[in-house]
Amino acid sequence: MATASPPKRIVVLTGAGISAESGLKTFRDNNGLWENHRVEDVATPEAFAANPGLVQRFYNARRSQLVEEAQPNQAHIDLAEFEKDYSGEFLLITQNVDDLHERAGSKNLLHMHGELLKVRCAKTDTIYDRTTPVYYEELCDCCGLPGKLRPHIVWFGEIPLYMDKIYQALERCDLFVSIGTSGNVYPAAGFQQIAQEYGAHTVELNLEASKGASRFDECIQGPATEIVGKFFKHLLATQS
């Protein structure tokens, strides 16, 4: 790593690529479908209004896979171990809606696109933990109405969560690391530029170069389970 001195404030952004090695499908496949569904049919407020049963079934299937099959991989573990041992400020921002970072032990974590294992009342915004299927007809505990529980997921056309905290952290950090992201989805695709404008060294760790790889100060390519641990262990060594 080419920074002149050990960083004191680090922001890490993770995307679907870090969870792919845990068996979770990446955001979209090559034909533009999202797990055999058009994004417009399952991941917009309009889709939920038009066919809530389909949307709930789609997220029920994803939730079931996450609970029953997926486990944190070495990259998740390496990030959690780095956070535990690092003496500076550390923030992990994830675009992923799975809980694999938490299961690996990450603590200072923001899910900017929501969480698959939570549901939200569309009437009161009350959030509930949920690992079991959600049915459109069931009554919401807080408002008592049917059809009000929706996945706690940021859909297309909705504003990502925690943006004020994220921008503040990007403006303060001296190292920004992007892991397993495509560089296609905003606002996350613009985080590197913000951090760089405020003086941060920027690094991309990815299986292959993203669309915006040329803008980073440093790019390392390979499977997340191999390159994440190597990069952050080297970073810890510069601290001691």
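Residues: numbered from 1 along the sequence shown. If you're wondering where the values come from, they're calculated on a predicted model, not measured in any experiment.
A salt bridge is absent between Asp174 and Lys8; no separation between the charged side-chain nitrogens and carboxylate oxygens falls under 4.0 Å.
Applying the side-chain contact (heavy atoms from CB on, under 4.5 Å) criterion to Glu89, with sequence neighbours excluded, gives Arg9, Arg172. Take Tyr86 and apply the ring-ring contact (aromatic ring centres under 6.0 Å, His included) test, not counting sequence neighbours, and it matches Phe82. Partners of Leu207 by side-chain contact (heavy atoms from CB on, under 4.5 Å), not counting sequence neighbours, listed by chain and number: Pro223. When the side-chain contact (heavy atoms from CB on, under 4.5 Å) test is applied to Leu139, the partners found at least two apart in sequence or on another chain are Pro146. For Glu138, the salt bridge (charged side-chain N to carboxylate O under 4.0 Å, His left out) partners are Arg130, not counting sequence neighbours. Residues forming a side chain to side chain donor-acceptor pair (under 3.5 Å) with Glu197 (at least two apart in sequence, or on another chain): Gln193. Asp99 pairs by the salt bridge (charged side-chain N to carboxylate O under 4.0 Å, His left out) definition with Arg103, not counting sequence neighbours. With sequence neighbours excluded, the residues satisfying salt bridge (charged side-chain N to carboxylate O under 4.0 Å, His left out) with Glu158 are Arg150. Partners of His76 according to the ring-ring contact (aromatic ring centres under 6.0 Å, His included) rule, which considers only residues two or more places apart in sequence or in another chain, are His101. Ala80 pairs by the side-chain contact (heavy atoms from CB on, under 4.5 Å) definition with Ala104, Ser106, not counting sequence neighbours. Under the salt bridge (charged side-chain N to carboxylate O under 4.0 Å, His left out) criterion, Glu115 pairs with Lys118, sequence neighbours left out. Under the rule for a ring-ring contact (aromatic ring centres under 6.0 Å, His included), Phe216 has no partner lying at least two apart in sequence or in another chain.
No hydrogens or angles considered: a donor-acceptor pair under 3.5 Å links the side chains of Thr181 and Ser178. Side chains of Ser210 and Glu204: a donor-acceptor N/O pair is present below 3.5 angstrom, by distance only.
With a 6.0 Å radius and a threshold of 12 heavy atoms from other residues, nucleotides or ligands, Glu208 has its CD atom at or below the threshold.
Looking only at side-chain heavy atoms (C-beta outward), Pro187 and Tyr167 come within less than 4.5 Å of each other.
Between Phe176 and Phe191, the two ring planes are perpendicular [angle over 60°; tilted spans 30° to 60°].
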